[in-house]
Chemist: 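Mind having a look at this structure? Questions to follow.
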Amino acid sequence: MLVARTQWNLVRPMIEPAADRVIAFTFHTLKEKIVEMKINDPKLEDFIYQIEGRKLSLIEELPKSGEHPFTTISLVK
């Protein structure tokens with residue numbers, strides 16, 4: 001099941017306890033783009049989500065050596 005961030009808080013209590021695995025997609029982009037996203041959608045706040053007691057950021061600043069945005073996929077649970 002793929003869940004958008006806007007739906008996570010709604011469905012989390014129902015699906016998190018039953019999930020065998022939780023996979024997170026983390027978007028890495030330029031700091032300026034993160035600021036722009038926050039301006040366009042104030043609900044984004046700090047992009048931090050709680051999953052099984054872990055804090056997980058779904059948007060990260062691009063490493064200093066990076067020039068192009070990329071997404072990483074990681075197993076959370």
Side-chain angles (χ1 to χ4, degrees):
M1 172 185 286
L2 180 61
V3 179
R5 70 171 173 80
T6 54
Q7 300 167 323
W8 177 245
N9 288 335
L10 176 66
V11 299
R12 177 183 173 196
M14 296 175 278
I15 65 171
E16 188 177 15
D20 290 334
R21 285 183 278 165
V22 177
I23 298 170
F25 292 79
T26 304
F27 182 58
H28 302 265
T29 190
L30 299 170
K31 183 177 183 176
E32 300 82 40
K33 290 295 180 187
I34 294 173
V35 171
E36 183 181 313
M37 283 188 269
K38 286 182 179 182
I39 290 169
N40 291 334
D41 186 355
K43 291 180 184 176
L44 288 179
E45 299 170 6
D46 60 4
F47 312 104
I48 304 293
Y49 291 82
Q50 290 279 344
I51 300 176
E52 293 216 329
R54 285 180 56 191
K55 288 185 177 183
L56 183 68
S57 177
L58 300 183
I59 299 180
E60 295 282 344
E61 193 174 324
L62 197 62
K64 291 183 183 3
S65 60
E67 295 179 22
H68 305 286
F70 64 94
T71 300
T72 56
I73 303 169
S74 57
L75 182 63
V76 177
K77 171 183 173 184

Chemist: Excluding sequence neighbours, so at least two apart, what forms side chain to side chain contact (heavy atoms under 4.5 Å, CB included) with L10?
Modeler: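 For L10, no residue satisfies side chain to side chain contact (heavy atoms under 4.5 Å, CB included) once neighbours in sequence are set aside.
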Chemist: Is there side-chain contact between V35 and K38, with at least one heavy-atom pair below 4.5 Å?
Modeler: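 The answer is no, as the side chains (C-beta and beyond) never meet within the 4.5 Å cut-off.
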Chemist: Identify the residue among E61, E60, K55 that makes a side-chain hydrogen bond (donor to acceptor under 3.5 Å, both in side chains) with S57.
Modeler: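 Running side-chain hydrogen bond (donor to acceptor under 3.5 Å, both in side chains) over E61, E60, K55 with S57 returns exactly one hit, E60.
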Chemist: With sequence neighbours excluded, tell me which residues meet ring pair (Phe, Tyr, Trp, His ring centres under 6.0 Å) with F25.
Modeler: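 Counting only residues at least two positions away or on another chain, F25 forms no ring pair (Phe, Tyr, Trp, His ring centres under 6.0 Å).
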Chemist: Considering non-hydrogen atoms only, spot the tightest contact between T26 and I59 and give its length.
Modeler: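 Closest approach of T26 to I59: CG2-N, 4.3 Å.
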Chemist: Can you hop from M37 to I39 via hydrophobic side chains spaced under 4.5 Å?
Modeler: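 No, it is not one cluster - the side chains of M37 and I39 are not joined through contacts under 4.5 Å.
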Chemist: State which residues pass side chain to side chain contact (heavy atoms under 4.5 Å, CB included) with L30; sequence neighbours excluded, sorted by chain then number.
Modeler: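 Residues passing side chain to side chain contact (heavy atoms under 4.5 Å, CB included) with L30: E32, K33, L62.
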Chemist: Among residues at least two apart in sequence or on other chains, which ones pass side chain to side chain contact (heavy atoms under 4.5 Å, CB included) with L56?
Modeler: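 Result, side chain to side chain contact (heavy atoms under 4.5 Å, CB included) vs L56: A24, I51, L58, V76.
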Chemist: Excluding sequence neighbours, so at least two apart, what forms side-chain hydrogen bond (donor to acceptor under 3.5 Å, both in side chains) with T72?
Modeler: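 Expected list: H28.
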Chemist: Quick one: list whatever passes side chain to side chain contact (heavy atoms under 4.5 Å, CB included) with P17, sequence neighbours left out.
Modeler: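 Per chain and number, P17 pairs via side chain to side chain contact (heavy atoms under 4.5 Å, CB included) with no residue.
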